[in-house]
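Every number for a ligand or one of its atoms is a count from 1 in the order of the listing.
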Amino acid sequence: MIDPNSIGEILYSPEDISKRVKELGKQISEEYAGKEIILVCILKGSYVFTADLSREIDVPCSVEFMQVSSYADSTVSSGSLKIIKDINVPVDDKHLIIIEDIIDTGITLNNLKKMLSTRNPASLKLCAFLDKPSRRKVDIEADYVGYEVEDNFLVGYGLDYAQKYRNLPFVAILKEEIYK
Ligand code: PRP
């Protein structure tokens with residue numbers, strides 16, 4: 001069982017999240033009316049958000065999965081992207097939305113965007129459940145954002161600490177003594 005004492009303030013309850021995800025799904029459905037979308041879920045963190053968001057989208061959509069890791073280099077701000085698992089469908093002329101749980105430095109999303117753009121999609125947008133703009137190292141913004149957050153260590157709703165806490169149904173601040 002997760003130690004409840006490791007969890008600090010709960011920022012977003014399951015009810016808050018459900019309401020916000022519904023709003024995002026509605027916005028995306030309206031903006032993509034008459035089109036088909038491929039949601040590109042970036043593992044692992046965005047599995048929960050993608051599952052919920054996809055069920056709030058009412059235009060035809062498929063879901064594909066990628067897993068990547070970015071290496072930030074102190075001298076090269078864009079870093080580089082290692083693909084651990086790629087999507088295995090062609091995306092040329094398709095409408096893609098990359099789904100992330102959080103944008104921090106922006107390096108992962110920036111590299112992903114560049115890489116997927118080379119595959120000639122009809123369009124490519126970015127959707128992040130959480131956005132930490134104060135941590136940004138590269139100039140990138142998501143087209144759809146659930147919540148803008150301050151620079152705290154957050155867990156839950158897909159976000160982990162040492163692979164745990166992803167299954168919490170809320171987003172909370174992890175207490176400093178757990179990771180320091
Ligand atoms: C997290 C998150 C993003 C990335 C954001 O993934 O899911 O992919 O970091 O950070 P950035 O904006 O600084 O690049 P992580 O590498 O922790 O893997 P996980 O999703 O498997 O937890």
Side-chain angles (χ1 to χ4, degrees), residues 2 6-8 10-12 16-17 20-21 24-25 28 37-54 63-88 91 96-119 121 124-176 178-180:
I2 287 171
S6 63
I7 303 293
I10 294 180
L11 296 185
Y12 305 111
D16 296 331
I17 294 171
R20 187 71 189 111
V21 173
L24 289 172
I28 290 171
I37 320 173
I38 301 179
L39 302 178
V40 183
C41 170
I42 308 305
L43 297 170
K44 298 176 187 173
S46 79
Y47 78 101
V48 181
F49 179 42
T50 304
D52 284 351
L53 181 67
S54 62
V63 185
E64 298 294 334
F65 298 88
M66 279 188 87
Q67 189 168 17
V68 300
S69 70
S70 282
Y71 299 105
D73 184 302
S74 56
T75 56
V76 182
S77 64
S78 62
S80 63
L81 192 72
K82 180 181 171 194
I83 300 177
I84 298 163
K85 186 213 173 311
D86 204 344
I87 52 176
N88 49 13
V91 298
L96 303 188
I97 306 180
I98 299 175
I99 312 292
E100 269 287 23
D101 54 339
I102 190 162
I103 318 178
D104 192 339
T105 63
I107 289 171
T108 305
L109 207 43
N110 192 47
N111 285 326
L112 262 169
K113 189 180 178 191
K114 276 192 215 157
M115 196 276 286
L116 286 173
S117 296
T118 65
R119 300 184 186 180
L124 177 57
K125 288 200 175 182
L126 314 174
C127 176
F129 179 62
L130 300 175
D131 185 7
K132 262 189 198 174
S134 61
R135 293 261 307 160
R136 206 68 101 247
K137 287 190 180 160
V138 293
D139 183 21
I140 188 154
E141 295 301 325
D143 300 282
Y144 307 99
V145 172
Y147 298 103
E148 204 169 281
V149 291
E150 290 175 13
D151 187 15
N152 291 301
F153 200 122
L154 302 180
V155 290
Y157 201 66
L159 294 151
D160 75 308
Y161 168 63
Q163 301 303 327
K164 298 191 187 73
Y165 300 93
R166 294 192 199 273
N167 58 325
L168 294 175
F170 50 79
V171 174
I173 298 175
L174 188 67
K175 285 196 177 160
E176 263 189 26
I178 305 299
Y179 61 90
K180 283 216 166 143

(request) Give a yes or no on whether a salt bridge exists between R119 and D86, defined as a side-chain N under 4.0 angstrom from a carboxylate O. (result) yes

(request) Compile the protein residues with any heavy atom at a distance under 4.0 Å from an atom of ligand 1; present them by chain, then by number. (result) L43, K44, G45, E100, D101, I102, I103, D104, T105, G106, I107, T108, D160, R166

(request) State, without any angle test, whether S6 and Y165 hold a side-chain donor-acceptor pair at a distance under 3.5 Å. (result) yes

Would you find more than 12 non-hydrogen atoms of other residues, nucleotides or ligands less than 6.0 Å from [X] atom [atom1]?
{"X": "E150", "atom1": "CD", "answer": "no"}
{"X": "K164", "atom1": "NZ", "answer": "no"}
{"X": "K113", "atom1": "NZ", "answer": "no"}
{"X": "D139", "atom1": "CG", "answer": "no"}

